[in-house]
Every structure is written in C-alpha cells, then in structure tokens.
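One structure is given below, encoded as structure tokens.
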Amino acid sequence: MIKSVVCWGRSKMGQCPLYRIERKSEDIRIAKLCLSSLFLMQAKLKKCVESNKIEEVLRFREDYVDWSYWDEVEEKELKRLTSNSKDTQINSLKRCKLDMNICKISLDSKESAIEKLHEEIDSKIKLYNDDLAIIKKVQNYCDNYENEDYRIFKNDRIYLKFQRDKYNALIALYFNVDSFIKQDSQSPVETIFVFSGEGEYPFHKQTVLHLAYEKYGGLVLSGTEVMKDADGIKDLVPQAHICDFQSYNRRRGHGSFILKHLENIVSTVNNRILSLGVKYREKYYWMKPIKAINGEVVPGGNISKDDLVKFYNKNGLPTIGRKYSSGTYVADKVIYKILE
C-alpha cells in the first residue's frame with residue numbers, strides 16, 4: 001500500500017522512474033537497430049574494397065552517414081511512445097514490480113547501456129565515413145584528374161589494391177597500366193599513388209612512386225658509371241626504373257605497400273604489353289615485357305642511407321654497389337632486381 005501511494009505520488013509529479021526506464025529500453029532498441037544497419041553498410045563497403053577492382057569501386061556511389069537518419073528513426077518512435085494513453089501509463093504502474101530502492105539503479109543501468117551503444121555508433125559511423133572517403137578519392141581521381149586519353153577503367157587496365165595501414169586506416173594503391181604503356185614516348189613515366197587521409201581530394205597526404213620504362217636498361221646507368229657486384233644482371237633489357245619516391249605519411253607502411261606490390265604491377269604491365277602486342281602489333285611493337293627493376297638509393301630529409309637500404313631490402317628490392325670511372329666505389333648505391 002505504501003509503495004502504491006508513493007509511486008502514485010511520484011507518477012503524478014512525473015518523477016516515477018518506470019516511464020523513463022521504458023523510454024531507455026526503447027532507446028536501446030533503436031540504438032541496436034542503428035548498429036545493425038551500420039553493420040550491413042560496412043559489410044557492403046568491405047565487399048567493394050576486398051574486390052580490389054576499379055569497376056566495382058566506380059559503381060559504389062554511396063553517401064556518408066551521420067546522426068540525422070537515426071534522429072528521424074528516434075523521432076518516429078517517440079511519437080509512437082507519447083501517443084500512449086494515461087490508461088496505458090496507469091497499467092504500467094500497476095504491473096510495476098520494481099522495489100522502490102532499486103528502481104533508480106535499474107534506470108542508471110539503462111542509461112549506462114545507451115551511452116555505450118551511442119559511443120559504439122559514433123565509432124562505426126567514423127569508420128564507415130573514413131573508409132568511404134578513400135573510395136571517393138579513387139573515384140574523384142578517375143572522374144576529374146585522370147588523363148582523358150586513358151579513362152577506360154577496366155580491371156585489367158587499372159591496378160588497384162586496398163589495405164589498412166599501421167594505424168588501421170584504409171589506404172588505396174592506384175596505377176593506370178594503359179597510361180604507362182600507351183604514352184607517346186620511348187621512355188614513358190607513370191605514377192603509382194597511395195591515396196590516404198581525410199576528405200575526397202586525392203592528393204592530400206598521398207604517397208607516390210614515379211615509374212619509368214627503360215627500353216634498353218643495362219649495366220651502364222649514366223655516362224661512364226658502371227655497377228659492381230652485379231652478378232646476373234641482364235644487359236640491355238627492358239627495365240622498370242624508379243625515378244622518384246615520396247611519402248607524406250612516413251612510418252605508416254604506405255611506402256612498403258607500394259614496394260610489396262611493385263612486382264605485381266610490373267607483371268600486370270607485362271601481361272598488358274603482350275595482350276596489346278598481339279592485338280596491335282605494329283603500334284606497340286617497340287615495347288617489350290619488363291625483365292628487371294632498378295633505381296638509385298638517394299637518401300633525403302630525415303632518412304639516412306642505411307635506413308633507406310634496409311627499407312628497400314626489407315620490401316624485396318636488393319641493393320648493390322657502384323664503381324665510378326674515377327675508381328671510387330660506393331656500396332648499396334643501386335636498387336636492382338631481376339624478375340622471373
């Protein structure tokens with residue numbers, strides 16, 4: 001009787017926790033619905049990313065997520081809840097089995113649960129939007145910055161790979177194979193991009209490697225400079241030359257990402273050269289499959305030569321020495337790898 005009178009008095013003053021507990025239970029249900037929707041959206045995005053196919057990426061035209069959608073869901077649920085009659089509230093009060101001493105504890109538990117769910121939703125929204133921004137960088141580059149002569153985005157013409165860096169941020173490696181092969185030049189140069197960072201602008205904090213095609217790469221790299229300790233080097237064969245290599249996100253694995261895929265990129269280029277050579281023999285007769293990768297070890301900025309040598313070696317690119325015409329010998333001066 002005392003409980004009924006006290007609860008009735010609290011209900012009249014709008015202080016009975018029962019109604020707030022029921023509301024928090026509904027908030028929890030809505031939050032779990034939001035998380036379920038976010039899970040499906042992230043799964044769809046993940047499928048696109050794991051395909052590593054430019055055609056799939058360009059078809060993925062989704063929008064960013066914010067709380068406005070979930071606010072609309074919550075508003076609809078609130079209207080449904082507030083449409084309950086006084087009789088429903090009275091019935092709720094009659095069936096209440098909470099002890100007056102623990103009803104506040106129950107309410108606090110619900111509030112703590114909803115707070116944790118909202119934090120999880122915030123985290124999932126950020127992950128989805130950050131991942132989507134990388135996809136949109138690739139789309140933006142293809143739509144607005146790619147050379148108009150090579151805007152045929154087929155899976156065998158664009159080398160595309162996604163992965164997460166050391167900080168779990170999604171990054172995308174992009175290389176236009178056809179642009180590299182079809183340039184009107186005997187020494188074509190094309191850029192390998194790693195798109196990363198916030199926003200949709202593709203050149204924000206990117207990592208780039210400029211790759212050149214050398215028709216007659218060999219022992220002589222410049223003037224009278226020759227290499228030493230280069231057993232097995234194939235003389236006068238087509239080679240891929242690393243012209244320049246810059247990273248604006250150091251020590252996050254972005255540079256390693258490029259180097260670990262460099263042989264696969266060259267292999268894709270070679271397959272495309274052979275395919276075009278069969279189809280357009282007269283036009284592409286001069287370009288032959290690449291047999292080696294070369295470059296120079298050029299330290300700069302805060303990177304020492306020793307660190308740079310370790311970096312290349314760790315990522316599958318051996319370094320060898322060079323002996324100059326003056327007789328001076330410099331160890332680990334040249335990057336050189338023969339391809340199978």
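Here the structure is a predicted model, which is why all the values come from computation and not from measurement.
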Please determine, by modelled atom types, if Asn294 and Glu214 share a side-chain donor-acceptor pair under 3.5 angstrom. yes
Hey, are Glu56 and Asn155 close enough side-chain-wise for a donor-acceptor pair under 3.5 Å? no
Applied to residues 250-271, the salt bridge (Lys or Arg N to Asp or Glu O under 4.0 Å) test, sequence neighbours excluded, yields Asp165-Arg252, Glu263-Lys337
Going by ring-ring contact (aromatic ring centres under 6.0 Å, His included), name the residues that satisfy it together with Tyr201, two or more places apart in sequence or in a different chain. Phe203
Tyr213 side chain to Gln239 side chain, donor-acceptor N/O pair below 3.5 angstrom: no
With ILVMFWY side chains joined below 4.5 Å, transitively, what does Leu40's cluster contain besides itself? Phe39
Mind checking whether Phe162 and Glu50 have side chains closer than 4.5 Å, heavy atoms only? no
Tell me yes or no: between the side chains of Thr319 and Lys333, is some donor less than 3.5 Å from an acceptor? no
What orientation do Tyr141 and Tyr174 show, parallel under 30°, tilted 30 to 60°, or perpendicular over 60°? perpendicular
Atom pair OG/NE2 of Ser256 and His254 - distance to nearest 0.5 Å: 10.0 Å
Under the 3.5 angstrom rule, does the side chain of Lys291 hit a backbone N or O of Leu339 as a donor-acceptor pair? no
To the closest 0.5 Å, what do you measure between OG1 (Thr207) and CZ (Phe193)? 11.0 Å
